Amino acid sequence: MKIMIALFLFAAAAPAAAQPIPPPGAPGYPMVQGPVLAIPVLEADFRAKAGSEIVRFARDSYVLTPQSQATLTAQAQWLIQHPFVRASIEGHADGRQTREYSLALGERRAAAVPHCDASAPQRLLPGIASTAASPAGSSPVAAAPHPPPGAACSSPGPAPPPALTLSCSSRFAPI
Amino acid sequence: MRSWSSKFLVTCSVAMLAPAAASAQSGEPQLVVAVPSLPTPKNVDTAGGQTGVLGIQIAQMIAADLRSSGSIVTIDPDKLRRYTPTEATAPLYRNWTNSNAGALVQGYVQARDDGRITVVCYLYDLKTHREMGRAGFAVGAEDWRRAAHRCSDTFHKAITGLPGHFDSRITYVAETGDRTQPVKRLAIVNWDGTNHNFLTQGEGTVISPRLSPDGQRIAYVSFTGGMPHVRVMDLDGSNDRPLLAGPPAMSFAPVFSPDGRRIAFSIAAEGNTDIYVVNAGGGFPQRLTNTPGIDTAPSFSPDGRSIAFESDRGGSQQIYVMNSDGSGQRRISFAGGSHASPAWSPKGDLIAFSRWNGASLNIGVIAPDGSGERMITNGWQDERPSWAPDGEFIVFQRTQQGSGQTWPYTVSLNGSEPKRLAIPQAGSDPDWSGASQ
């Protein structure tokens, strides 16, 4: 019924959500603490600036409403401003759908998000790679990542920066 | 009960009350089979117990197997006379006339020098005095149940013309952990809950296992590497490999063809899901559907010439049938609601499905021409039907309202109360398609 953006910070602790967080290695980048404390701070900032981490679909639908598109745009802008944040886009389907249909619908929903579109890699957010993500969270789980590796939006280079990853996946959400 | 002949009622009403009640409703003709204890030439201690005791246990298990089929009634060992091993191959028919049975199971259990046991079983027609079937095995003494189940399968086929499911196995996804950290392992278990084994160790998420018809390989969907994709491995875990070579694509819903040579499955890309078929050993997949909708959940007819599948090309998920080359696609489900997860029965006469009626998901069956749709279960969320080899039973996944926990259940076609599969933990995606050998 929804797409959810989940954030994963790569080895950083955020001092405060109000200030822009420098990229890893840059002056001011917090190196002391682990990532655990930072994620809730980042998530709160993300929710505050993007409006929501969730984009909802009607049952069986994969059509992005104007409201959904506005939310997605705000989410994308936040991600551009925080390039060292690893995010995953998960397309959730109704837990009362059958397994195969949920997998296919999740892929269809993930594909409806422009920066997950393998057929149009130029629409990817700059500096953001789209890769497959393993399913996170609850059961039953089914990830439908997009796009196929080998396309222009797979991880850039042999040693990609540690965080610039936008991944698209889908899963069932429990009722 | 009323449909029985009075003769059956007098002699075996106590022993057969429960199973007979269900079959009597279905109105099928019933054969009464006497199953006395199997004798042993010499009572020997084995790893599975004394051979004399094994003879009793094997007979009890054969009787339990046969009467779980709707069309067979049994008379159990403790109600029958005993006989000698020499009688096993030459029944004294006159001694069984008072049993009122139509058929008789005999045989023997014998310890072997190598520590294993020999189990031999025969089925005799008490009216024509002819042998109807026989089976014999040398098995490890601790595997005596397997020998009993295979005797049952042989007799079931002799009586009904269809293979039994008594030595068959169910593969499924064992679910442990909690909702935030689920652990999913492929597991396999005998249909009666014995001989439970894990095939993967939970290091990666796996779903949708399907046994090959010979029961030696398993196709499944793995999330290892992040991209859900179909893999194939041997039952012992060896030769694990992706079904498709080349750049990974999102593939799922695998199913073996009846000859085990091909695998049908779905690929999803760019918001479109279609059905493909490929040699089970790999190769270049052939695309069978090309509508913009979601075409998935393929299931072969037993002759391999047709494939049932689900598609939402008409707006909602419905069951379609096509020739196995992709031609002749036609919708067969029109009963309202949506229909998904078709499973073609081994007899070929029915397709099981899950139907969403707006409030619940339940298992039903429909003829391949779209006629005779009827529902089998009445749960909150019953889905993913898979047929037993005999075409009389279906295993499916039932989700409990509230807890969200799923367990495999079995149900007979005549709509008996579903029985939870006797496994150690919750489970999903059951598949009963493997043969018994």
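Treat the numbers as computed from the prediction; the structure is a model and nothing was measured. The sequence lines fix the lettering, A, B, ..., with proteins before strands; numbering per chain opens at 1.
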Problem set entry | Between B/E383 and B/Q381, a side-chain donor and acceptor under 3.5 Å |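 Yes, a side-chain donor-acceptor pair sits under 3.5 Å.
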Check each atom of [X] against the heavy atoms of chain A and say whether the ones under 4.5 Å are side chain, backbone, both or neither.
X      : answer
B/E310 : side chain
B/D295 : neither
B/T296 : side chain
B/A359 : backbone
B/S338 : neither

Problem set entry | Stacked cation flag B/R420 on B/W407, 6.0 angstrom / 45 deg | yes
Exercise. Are A/R109 and A/Y62 in a cation-pi contact, defined as NZ or CZ under 6.0 Å from the six-membered ring centre and within 45° of the axis?
Worked result: no
Exercise. Should we say atom CD of B/Q400 is surrounded by more than 12 heavy atoms from elsewhere, each under 6.0 Å from it?
Worked result: yes
Problem set entry | Best-contacting candidate, B/T273, B/I294, B/D312, against chain A by heavy atom pairs under 4.5 angstrom |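 Option with the greatest count: B/I294.
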For this session: Could you please spell out the steps behind the side-chain hydrogen bond (donor to acceptor under 3.5 Å, both in side chains) verdict for B/N362 and B/W356?
Result: CA-CA 7 Å; B/N362 276 294; B/W356 169 255; over 6 Å; no
